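Values in this document were obtained by computation on a predicted structure and should not be read as measured data.
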Amino acid sequence: MRYFTKLKEILLYYDYQPLLLFWVISDIFNNMVLWTTYFYWEELGQPYTYFLYLTYLYISIGILVCINHLKRLIIFVSSYLVVYVYSAVRYIVDIYTATDTGFDVFDFKNLFITAWYFTMWTWILFKLKNENLHRNE
């Protein structure tokens, strides 16, 4: 029981900045725009995927630049969440339209990871808005 109490304390009382800093730097370095070209995605028949990754890159750089400016950071994290939801919906639609077999194990794994990251980004946004609320009081 003490373990869960400690986890609750971590979630409620510790800051988000270290997690956000390391996550966004990792996100920038892992961004496919840095490692592929538009033509690579065009050959795969997914030219708009390049622009999706480019949007992630711009938002990630915005998060990194504004990490010390709370109001702007909230805007960039909210934008990241919107693009993330769009990307997840696009993935689900692609599964239904591109395959006749439906979901397989890898799709469930990918959707689980997507839900996990969505929860993480939502929690970070919650912490940001909560901090902003307390600063404005």
Side-chain angles (χ1 to χ4, degrees):
M1 189 64 178
R2 186 169 178 174
Y3 175 77
F4 293 109
T5 304
K6 207 58 168 150
L7 285 180
K8 179 183 173 191
E9 288 175 9
I10 289 170
L11 289 173
L12 293 178
Y13 303 116
Y14 289 85
D15 290 335
Y16 56 86
Q17 289 96 338
L19 169 66
L20 191 56
L21 176 67
F22 286 107
W23 183 266
V24 80
I25 289 171
S26 170
D27 204 37
I28 290 169
F29 287 134
N30 283 321
N31 193 290
M32 294 300 290
V33 169
L34 300 177
W35 310 109
T36 60
T37 64
Y38 172 78
F39 301 109
Y40 169 81
W41 293 100
E42 191 175 49
E43 287 176 13
L44 291 176
Q46 301 176 356
Y48 297 114
T49 300
Y50 178 84
F51 296 110
L52 182 64
Y53 281 120
L54 188 62
T55 303
Y56 275 122
L57 181 63
Y58 286 141
I59 293 172
S60 297
I61 290 170
I63 290 171
L64 186 61
V65 169
C66 296
I67 201 159
N68 292 318
H69 192 279
L70 189 59
K71 290 183 181 180
R72 289 185 187 144
L73 185 60
I74 289 171
I75 292 169
F76 280 109
V77 171
S78 298
S79 300
Y80 197 98
L81 267 169
V82 168
V83 173
Y84 202 78
V85 168
Y86 166 78
S87 180
V89 169
R90 184 174 167 232
Y91 178 70
I92 292 169
V93 168
D94 187 51
I95 291 171
Y96 277 117
T97 59
T99 63
D100 296 330
T101 59
F103 288 138
D104 61 9
V105 174
F106 294 108
D107 294 327
F108 282 116
K109 175 197 72 94
N110 291 339
L111 289 173
F112 176 77
I113 291 170
T114 298
W116 184 263
Y117 287 156
F118 177 78
T119 304
M120 180 192 74
W121 280 104
T122 303
W123 188 257
I124 290 171
L125 182 62
F126 171 77
K127 296 283 281 183
L128 288 167
K129 287 187 173 254
N130 192 31
E131 183 177 329
N132 188 42
L133 180 68
H134 289 297
R135 282 188 184 179
N136 290 334
E137 288 181 350

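- A search for side-chain hydrogen bond (donor to acceptor under 3.5 Å, both in side chains) contacts involving E42 returns nothing, not counting sequence neighbours.
- Distance alone, capped at 3.5 Å, is enough to place a donor-acceptor pair between the N31 side chain and the Y53 backbone.
- With sequence neighbours left out, W121 forms a side-chain hydrogen bond (donor to acceptor under 3.5 Å, both in side chains) with no residue at all.
- Applying the side chain to side chain contact (heavy atoms under 4.5 Å, CB included) rule to V24 yields the partners S60, I63, L64; only residues at least two apart in sequence or on another chain are considered.
- Residues meeting the ring pair (Phe, Tyr, Trp, His ring centres under 6.0 Å) test with F29, sequence neighbours left out: none.
- For the atom pair M32 CE and Y40 OH, the distance stands at 5.5 Å (nearest 0.5 Å).
- Taking the side-chain hydrogen bond (donor to acceptor under 3.5 Å, both in side chains) definition, one finds that Y91 meets it with D107, N110, sequence neighbours left out.
- With sequence neighbours excluded, the residues that form a ring pair (Phe, Tyr, Trp, His ring centres under 6.0 Å) with Y117 are W23.
- F112 is not connected to F106 by any chain of hydrophobic side-chain contacts under 4.5 Å among Ile, Leu, Val, Met, Phe, Trp and Tyr, and they are in different clusters.
- One distance of note links CG of L20 with CD1 of I67; it measures 4.5 Å at 0.5 Å rounding.
- Residues W116 and V105 do not share a hydrophobic cluster, clusters being chains of Ile/Leu/Val/Met/Phe/Trp/Tyr side chains in contact below 4.5 Å.
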Output a table of donor-acceptor pairs, distance under 3.5 Å, between side-chain atoms of residues 73-85 and any protein atom two or more places apart or on a different chain; print 'none' if there are none.
residue : atom : partner : partner atom : Å
S78     : OG   : I74     : O            : 2.8
S79     : OG   : I75     : O            : 2.8
Y80     : OH   : D27     : OD1          : 3.4
Y80     : OH   : D27     : OD2          : 2.8

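- For E131, the side chain to side chain contact (heavy atoms under 4.5 Å, CB included) partners at least two apart in sequence or on another chain are Y16, Q17, L70, R135.
- Separating the OH atom in Y48 from the OG1 atom in T55 is a distance of 13.0 Å, to the nearest 0.5 Å.
- By the 4.5 Å heavy-atom criterion applied to side chains, R90 and T49 are counted as neighbours.
- Separating the CG atom in N30 from the CH2 atom in W35 is a distance of 8.5 Å, to the nearest 0.5 Å.
- Cluster annotation: F22 is not connected to L125 through the hydrophobic network of ILVMFWY side chains, with a link wherever side-chain heavy atoms come within less than 4.5 Å.
- Residues satisfying the side-chain hydrogen bond (donor to acceptor under 3.5 Å, both in side chains) criterion with T114, sequence neighbours excluded, are absent altogether.
- Applying the ring pair (Phe, Tyr, Trp, His ring centres under 6.0 Å) criterion to F51, with sequence neighbours excluded, gives Y38.
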